[in-house]
Amino acid sequence: MSASHAVDPLVSHEGGDDRRIPLNDGHRMPRVGLGVYKMTDDEVAAAVALALDAGYRAIDTAAMYGNEAGVGAALAASDVPRGDVFVATKVRFEDNGYDSTLRAFDDSLVKLRTDYVDLYLIHWPAPLRDRYVEAWRALIRLREEGRARSIGVCNFHPEHLDRIVAETGVIPAVHQVELHPRFPQHRVRAYDANLGIITQAWSPLARGRLLDEPVLTRIARAHGVTPAQVVLRWHLENDVTVIPKSVNPDRIRQNLDLFGFSLTSADHRAIADLETGERTGVDPNDRN
Ligand code: A2P
């Protein structure tokens, strides 16, 4: 099923690059990217190739996923120029620290077969290790060197954000967290918005677990789209960017086809009722 393409308030027709959201450092990031969590190198190479053909221009990987080499192979094999693709990766929490983060970054570049990334992220604060401020200093240096165009963090509680900003004066461009209708992260979103940080949702579909909710089926039918498209559009209308994961060609295409329909305020109210506070992953304080 495909969304109809009427005028979309999320798409400005004045600029050419209208599906990218401005970041606080002057760069722009696609609102929708392919997430590759849990894909093997082989799966990832196929999925990235499909996604680039389908029009995706953002790929989100991580050292922890063990598939940066597959992403690099797909990027190298693609006709889409490197400069047109927004590539994001993340330092493993075990490598949080200054020198260790710089080393991990070099390793990621080799695997990705590139000499810069568009976004480098601290994957987890791992507060018991207490090395995330040093990792953040390393990211600041990488940004100064131009090897990471933008820098950000993932899975930070507001107190972790406060600390890196207080100790370095540098505000992340992007904050990636688990976020979906079951776990809408009101506090984090408000906090990020206040600092001018773009919130990005990982597991935007709650790993696919909420897609048979009758309320989503009903809203999807009314707009001629699928429940997954409803959820992804809900994110975008909340100014949250998304990195849905899929290895399936139809679903990869569907997850980018989000521009051209809008949800009503009644739809938003109905989706708000899906909140249960359930995470699919761990509390960031518990990953050390
Ligand atoms: P698959 O890879 O077989 O498409 P999340 O990004 O929230 O972690 O969700 C990923 C899960 O949701 C995966 O299991 C993925 O399976 C499934 N998924 C991704 N896109 C869709 C879609 N459009 N419709 C249904 N399931 C989807």
Side-chain angles (χ1 to χ4, degrees), residues 1-4 29-56 58-62 64-67 70-71 74 88-90 121 123-124 154-155 174-185 188-189 199-221 223-238 240-261 263 271 274-282 284 287:
M1 235 182 289
S2 162
S4 65
M29 176 176 74
R31 293 173 194 270
V32 184
L34 181 74
V36 301
Y37 174 59
K38 287 210 165 152
M39 292 186 199
T40 63
D41 267 326
D42 286 347
E43 276 177 337
V44 93
V48 170
L50 271 166
L52 292 173
D53 278 351
Y56 282 74
I59 309 293
D60 177 273
T61 183
M64 195 186 95
Y65 303 165
N67 60 19
V71 172
T89 193
K90 317 182 188 84
L121 298 156
H123 206 152
W124 294 91
C154 308
N155 305 305
V174 175
H175 184 197
Q176 194 184 104
V177 290
E178 176 176 355
L179 199 171
H180 42 72
R182 292 258 187 263
F183 189 63
Q185 294 268 28
V188 165
R189 269 156 58 192
T199 307
Q200 185 164 57
W202 63 258
S203 274
L205 302 172
R207 306 235 161 108
R209 287 177 206 160
L210 50 71
L211 298 178
D212 51 6
E213 281 287 343
V215 68
L216 294 177
T217 314
R218 176 177 61 72
I219 295 170
R221 203 175 298 125
H223 293 285
V225 296
T226 68
Q229 288 172 309
V230 168
V231 173
L232 295 171
R233 179 73 196 189
W234 169 85
H235 286 285
L236 299 187
E237 292 187 9
N238 288 331
V240 170
T241 66
V242 290
I243 46 163
K245 175 259 166 186
S246 180
V247 292
N248 173 285
D250 289 339
R251 293 194 283 271
I252 286 174
R253 279 190 285 273
Q254 185 191 117
N255 293 347
L256 187 64
D257 189 11
L258 308 174
F259 301 92
F261 74 104
L263 302 175
I271 295 169
L274 294 174
E275 177 172 1
T276 58
E278 281 168 85
R279 292 178 184 269
T280 67
V282 300
R287 172 149 287 176

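Every value quoted in this text rests on a predicted model; they were computed, and no experiment measured them. Whatever order the structure lists them in is the order used to number ligands and atoms, beginning at 1.
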Does a salt bridge link Lys245 with Asp60, judged by any charged N lying under 4.0 Å from a carboxylate O?
no
Hey, are Arg182 and Glu213 close enough for a salt bridge, meaning a charged N less than 4.0 Å from a carboxylate O?
yes
Please confirm whether [X] comes within less than 3.5 Å of ligand 1 when only nitrogen or oxygen atoms on both sides are compared.
X	result
Thr226	no
Ala206	yes
Ala228	no
Pro244	no
Ser246	yes

Got a donor-acceptor contact below 3.5 angstrom from the [X] side chain to the [Y] backbone?
X	Y	result
Glu237	Leu263	yes
Glu178	Ser203	no
Asn67	Lys38	no
Gln229	Ala220	no
Arg189	Pro184	yes
Asn238	Val240	no

Could you tell me the residue and atom name of the protein heavy atom closest to [atom], and the distance to it rounded to 0.1 Å?
atom	answer
atom 3 (O) of ligand 1	Arg251 NH2, 2.8 Å
atom 15 (C) of ligand 1	Lys245 O, 3.5 Å
atom 20 (N) of ligand 1	Asn255 ND2, 3.0 Å
atom 7 (O) of ligand 1	Leu205 N, 2.8 Å
atom 8 (O) of ligand 1	Ser203 OG, 3.1 Å
atom 9 (O) of ligand 1	Arg207 CA, 3.3 Å

Trp202 vs Trp124 aromatic rings, parallel, tilted or perpendicular, using cut-offs 30° and 60°?
perpendicular
Atom 23 (N) of ligand 1: which of Glu178, Gln229, Gln254 has the nearest heavy atom?
Gln254
Proximal candidate to atom 12 (O) of ligand 1 [heavy atom criterion; set Pro249, Gly281, Gly208, Pro227]:
Gly208
Between Leu211 and ligand 1, which part of the residue brings a heavy atom under 4.0 Å of the ligand: side chain, backbone, both or neither?
side chain
Can you list the steps and then say if Gln254 with Thr226 is a side-chain hydrogen bond (donor to acceptor under 3.5 Å, both in side chains)?
CA-CA 8 Å; Gln254 185 191 117; Thr226 68; 2.8 Å; yes
Near Pro204 (heavy-atom distance under 4.0 Å), the atoms of ligand 1 are 6 (O), 7 (O)
